[in-house]
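Mind looking over this structure? Questions follow.
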Amino acid sequence: MSKGLPKRSEDYSLWYNELVKKAGLAENSAVRGCMVIKPYGYAIWEKMQRVLDDMFKATGHENAYFPLFVPKSLFEAEEQNAEGFAKECAVVTHYRLQTDPDNKGKLRVDPAARLEEELIVRPTSEAIIWSTYKNWIQSYRDLPLLVNQWANVVRWEMRTRLFLRTAEFLWQEGHTAHATAEEAIAETEQMLHVYADFVENYMAVPVVKGIKTPNERFAGALETYCIESLMQDGKALQTGTSHFLGQNFAKAFDVKFATKEGGLDYVWGTSWGVSTRLMGALIMTHSDDEGLVLPPNLAPIQVVIVPIYKGEEQLAQISEKVNQLKKELQAKGISVKFDNRDTERPGFKFAEWELKGVPVRIAIGGRDLENGTAEVARRDTKEKSTQQFDSLTTYIPALLEEMQASIFNKALQHRAEHTTKVDSYEEFKQVLETKGGFVLAHWDGSPETEERIKEETKATIRCIALDAEDEDGVDMLSGKPSKKRVYFAKAY
RNA sequence: CGGGGUGUAGCGUAGCCCGGUAUCGCGCCACAUUUGGGAUGUGGAGGUCGUAGGUUCGAAUCCUGCCACCCCGACCA
């Protein structure tokens, strides 16, 4: 491991890439655009999954699994959706290889093994799922149908970045069917709130809840809800989406149900998802030039204990105390690592665990043995303090809780400082160029002005906030009247 | 996919213009001394120079194709 990371202030992208690799989260693979998620990175993802999965179950959802491949005829059934994803689909055309007669030791695609119908590698699973739902739903008694799946999907991206945009990524996709539009909308909103709850309270990343403009809407949806977060470099990142699909997929796949009243009607759908992109948000929101800063609620290791000793005898003395402490902390649900490697020195370990973002470090040395103390260092502020050893079992849980709140508040403050109201296009452009961040401005609601602003400034409308206040104003470009401000930003 | 760049040991690099079998640092292995913020010394291992062809007596170096990565665009969770 080489020392030091690039500075955020000098090259934010480089800092991000190096951090992801050096902290052992992920690396590029032999496959273009696809990453290898390494054990430490995957451990964080697993914690995210566990929490989210519990939240999904608590709101009545069940997990299932649908195929990776979607026959082309199914894929194209919902036209809007198919067209939206067409440009980035991987397609399976053959099912067999053979030895290449012209090139010894090499294989080639067997031209005789062409599939009668091409298979699309799912960029999302609406098609395969709704074609299945047709068979699952006959009556209002079968509704609502609340299913989630954890899966990988493939979108053939031109330009990729670890976690933020990869050709293959991991996510969960919820797909539900309801008897009424109201119920489906309530589900769409509910899941948006679930995501917001998770992202704010576990990831400690503040979100703006809102709806997308028609331009930014999911292909095939009537309404797309989203949560948007602001990264340290002033760019926005969508951290989750929830779609109200109306009856679009029900109609495309002929999913009808017998109503209580004896009629026959198409069901109403939703879909919602978060992906490994959340990892990118987690990294970019809190981390610093020394490495990752992980919120205690998602850190695979919450506390690391580093012994400082001279000789094996002293290590044995320290170990005895540490093992007892470790047991007590673990009993309180805290994950603890005792880094008793004899092959690295304390200073090296300090730097390494800081790079990996472990929230709390406890160091115990000879002096502490004599005094009955320990040195406690918190990762977020890098403050160190000396604590009574016996108080640690109450001090540490409280500290972790305090840190969780503290890093959220820090991110919240950063967002507040980088959210600017503007009333003129000049000011708008100036804010984008100088400080970045969210820019709150009036918009006349037309796709034309939205498009023009995007072309001229690279900024897009991230969302129309659900809690936006009514305020009469005029579009900064067209001068037409507007009822509320919308969130603009340059985005990932 | 367009424009630009890069690819040499696990990582970071020198050498490439001007062809003669590869430099340095970190890391790795062994031993010793060390251990309260990225240890030091001594010895050692590790390379089909991204890949496939071509030119040449000889290619990391020159030429061509391909692959991957990075930056900037277009596209996007």
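Model, not experiment: these values are computed from the prediction. Labels below follow one simple rule: chain letters A, B, ... track the order of the sequence lines, proteins then strands, and each chain is numbered from 1. Values below: every heavy atom of this structure, side chains too, minus hydrogens, waters and symmetry copies.
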TODO: With heavy atoms under 4.0 Å as the rule, sort L164(A) into base, sugar-phosphate or nothing.
DONE: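 Touches a base.
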Open item on the list: Closest approach to the side chain of F350(A), judged atom by atom: which nucleotide of rU35(B), rG37(B), rA74(B) is it?
Closed with: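 Of the candidates, rG37(B) comes closest.
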Task: Member of F488(A), W443(A), F438(A) meeting the ring-ring contact (aromatic ring centres under 6.0 Å, His included) criterion with F428(A) - done: F488(A)
- [ ] Taking atom P in both rU23(B) and rC49(B), compute the distance separating them and give it to the nearest angstrom.
- [x] 14 Å
- [ ] Would you check, one step at a time, whether the test salt bridge (Lys or Arg N to Asp or Glu O under 4.0 Å) holds for D54(A) with R50(A)?
- [x] CA-CA 6 Å; D54(A) 285 346; R50(A) 206 166 307 139; over 6 Å; no
Open item on the list: I'd like to know if K458(A) reaches the base of rG73(B) with its side chain such that a donor and an acceptor end up less than 3.5 angstrom apart.
Closed with: no
- [ ] Check the distance between rA68(B)'s P and L162(A)'s CG and give it to me in whole angstrom.
- [x]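 My rounded result for the distance is 16 Å.
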- [ ] Please state whether the phosphate of rC76(B), meaning OP1 or OP2, lies under 4.0 angstrom from any side-chain nitrogen or oxygen of R161(A).
- [x]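 False: R161(A) side-chain N/O out of range (4.0 Å or more) of rC76(B) OP1/OP2.
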- [ ] Please measure how far the P atom in rA14(B) lies from the corresponding atom in rC62(B), and state the result in whole Å.
- [x] 15 Å
Task: Length of the line joining K22(A):NZ and rG27(B):C1', which is rounded to integer Å - done: 12 Å
TODO: Nearest whole angstrom, please: distance from the C1' of rC69(B) to the CD of E27(A).
DONE: 13 Å
Task: Carboxylate-amine/guanidinium proximity below 4.0 Å for R379(A) and E354(A) - done: no
Open item on the list: In whole Å, measure the gap between the C1' atoms of rG47(B) and rG10(B) for me.
Closed with: 12 Å
TODO: May I ask you to say what F169(A) touches in the nucleic acid, namely base, sugar-phosphate or nothing, with a heavy-atom cut-off under 4.0 Å?
DONE: base
TODO: Using a heavy-atom cut-off of under 4.0 Å over every strand shown, decide if G273(A) touches base, sugar-phosphate, or nothing.
DONE: nothing
TODO: Give none if rG12(B) has no partner; otherwise give the nucleotide forming a Watson-Crick or G-U wobble pair with it, both distances under 3.5 Å.
DONE: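 rC24(B) - that is the nucleotide pairing with rG12(B), both distances being under 3.5 Å.
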TODO: State whether E433(A) and K490(A) are salt-bridged, where the test is any N-O pair (Lys NZ or Arg NE/NH1/NH2 against Asp/Glu carboxylate O) under 4.0 Å.
DONE: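 Salt bridge between E433(A) and K490(A), a charged N being under 4.0 Å from a carboxylate O: no.
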- [ ] Could you check which of rU35(B), rG36(B), rG37(B) has an atom nearest any side-chain atom of K310(A)?
- [x]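 Between rU35(B), rG36(B), rG37(B), the one nearest the side chain of K310(A) would be rU35(B).
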- [ ] State which residue, out of R161(A), E18(A), R8(A), fulfils the side chain to side chain contact (heavy atoms under 4.5 Å, CB included) condition with S13(A).
- [x] R161(A)
- [ ] With heavy atoms under 4.0 Å as the rule, sort T241(A) into base, sugar-phosphate or nothing.
- [x] nothing
TODO: Could you check how far CD1 of I308(A) sits from C1' of rU35(B), rounded to whole Å?
DONE: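 Nearest whole value for this atom pair: 8 Å.
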Open item on the list: Using a 4.0 Å heavy-atom cut-off, does T343(A) contact any base of the nucleic acid, only the sugar-phosphate backbone, or nothing at all?
Closed with: nothing
Open item on the list: With hydrogens left out and only the distance checked, is there a donor-acceptor pair under 3.5 Å joining E354(A)'s side chain and the base of rG37(B)?
Closed with: yes
Open item on the list: Under 3.5 Å for both donor-acceptor distances, Watson-Crick or wobble: does rG58(B) have a partner, and if so which one?
Closed with: none
- [ ] Write down the distance between CD1 (I227(A)) and C1' (rA77(B)), rounded to a whole number of angstrom.
- [x]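 Those two atoms, CD1 and C1', are 12 Å apart.
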TODO: Sticking with atom P, work out how far rG65(B) lies from rA9(B), rounded to a whole angstrom.
DONE: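 25 Å, rounded to whole Å.
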TODO: Could you pick out which residue, N28(A) or R155(A), lies toward the 5' side of RNA chain B when each is mapped onto its nearest nucleotide?
DONE: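 The residue closer to the strand's 5' end, by nearest nucleotide, is N28(A).
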- [ ] Just call it for E455(A): base, sugar-phosphate, or nothing, with non-hydrogen atoms closer than 4.0 Å on any strand.
- [x] nothing
Open item on the list: Both distances below 3.5 Å, Watson-Crick or wobble geometry, any strand: find the nucleotide opposite rC69(B).
Closed with: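 Pairing partner: rG5(B).
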TODO: Find the partner of rA74(B): check Watson-Crick (N1-N3 plus N6-O4 or O6-N4) and G-U wobble (N1-O2, O6-N3) distances, both under 3.5 Å, and reply none if neither fits.
DONE: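 The base-pairing partner of rA74(B), which may sit in any strand shown, does not exist here.
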TODO: Examine the base of rG37(B) for any acceptor or donor lying under 3.5 Å from a partner atom in the side chain of R361(A), and report the outcome as yes or no.
DONE: yes
Task: K337(A) with D339(A): basic N within carboxylate O range, under 4.0 Å - done: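 No, this pair does not count.
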Task: For atom CG of D368(A) and atom P of rG36(B), their distance in whole Å - done: 13 Å
Open item on the list: Expressed as a whole number of angstroms, how long is the span from I362(A):CD1 to rG37(B):P?
Closed with: 18 Å
Task: Euclidean distance for P, rA52(B) against rA39(B) (whole angstrom) - done: 41 Å
Task: Nucleotide opposite rC18(B) in a Watson-Crick or G-U pair, distances under 3.5 Å - done: none
Open item on the list: Judged by each residue's nearest nucleotide on RNA chain B, which is more toward the 5′ side, E157(A) or P307(A)?
Closed with: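 Mapping each residue to its closest nucleotide by heavy atoms, the 5'-most match is P307(A).
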Open item on the list: What I'd like to find out is whether the side chain of R155(A) reaches to under 4.5 Å of the side chain of T124(A), using heavy atoms alone.
Closed with: yes
TODO: Have a look at Q238(A) and say if it touches a base, only the backbone sugar-phosphate, or nothing, with a 4.0 Å heavy-atom cut-off.
DONE: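 Sugar-phosphate only.
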TODO: Using a strict 4.0 Å threshold on nitrogen-to-oxygen distance, state whether E76(A) and K72(A) make a salt bridge.
DONE: yes
Open item on the list: Using Watson-Crick or G-U wobble geometry with both distances under 3.5 Å, which nucleotide pairs with rA30(B)?
Closed with: rU42(B)
Task: Under 4.0 angstrom between R345(A) side-chain N/O and rG36(B) OP1 or OP2 - done: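 So the side-chain polar atoms of R345(A) do come within 4.0 Å of the phosphate oxygens OP1 or OP2 of rG36(B), strictly under.
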Task: Spacing between K349(A) atom NZ and rA39(B) atom C1', to the nearest angstrom - done: 13 Å
Open item on the list: What contact category does G84(A) fall into here, base, sugar-phosphate, or nothing, at under 4.0 angstrom with non-hydrogen atoms?
Closed with: nothing
- [ ] Could you check whether N17(A) gets within reach of a base, just the sugar-phosphate, or nothing at all, counting any heavy atom under 4.0 Å?
- [x]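 Since only primed, P, OP1 and OP2 atoms lie under 4.0 Å of N17(A), the category is sugar-phosphate.
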TODO: With a 3.5 angstrom cut-off on both distances, give the Watson-Crick or G-U wobble partner of rU35(B), or none if there isn't one.
DONE: none
Open item on the list: Please give the distance between the C1' atoms of rG44(B) and rG27(B) as a whole number of Å.
Closed with: 14 Å
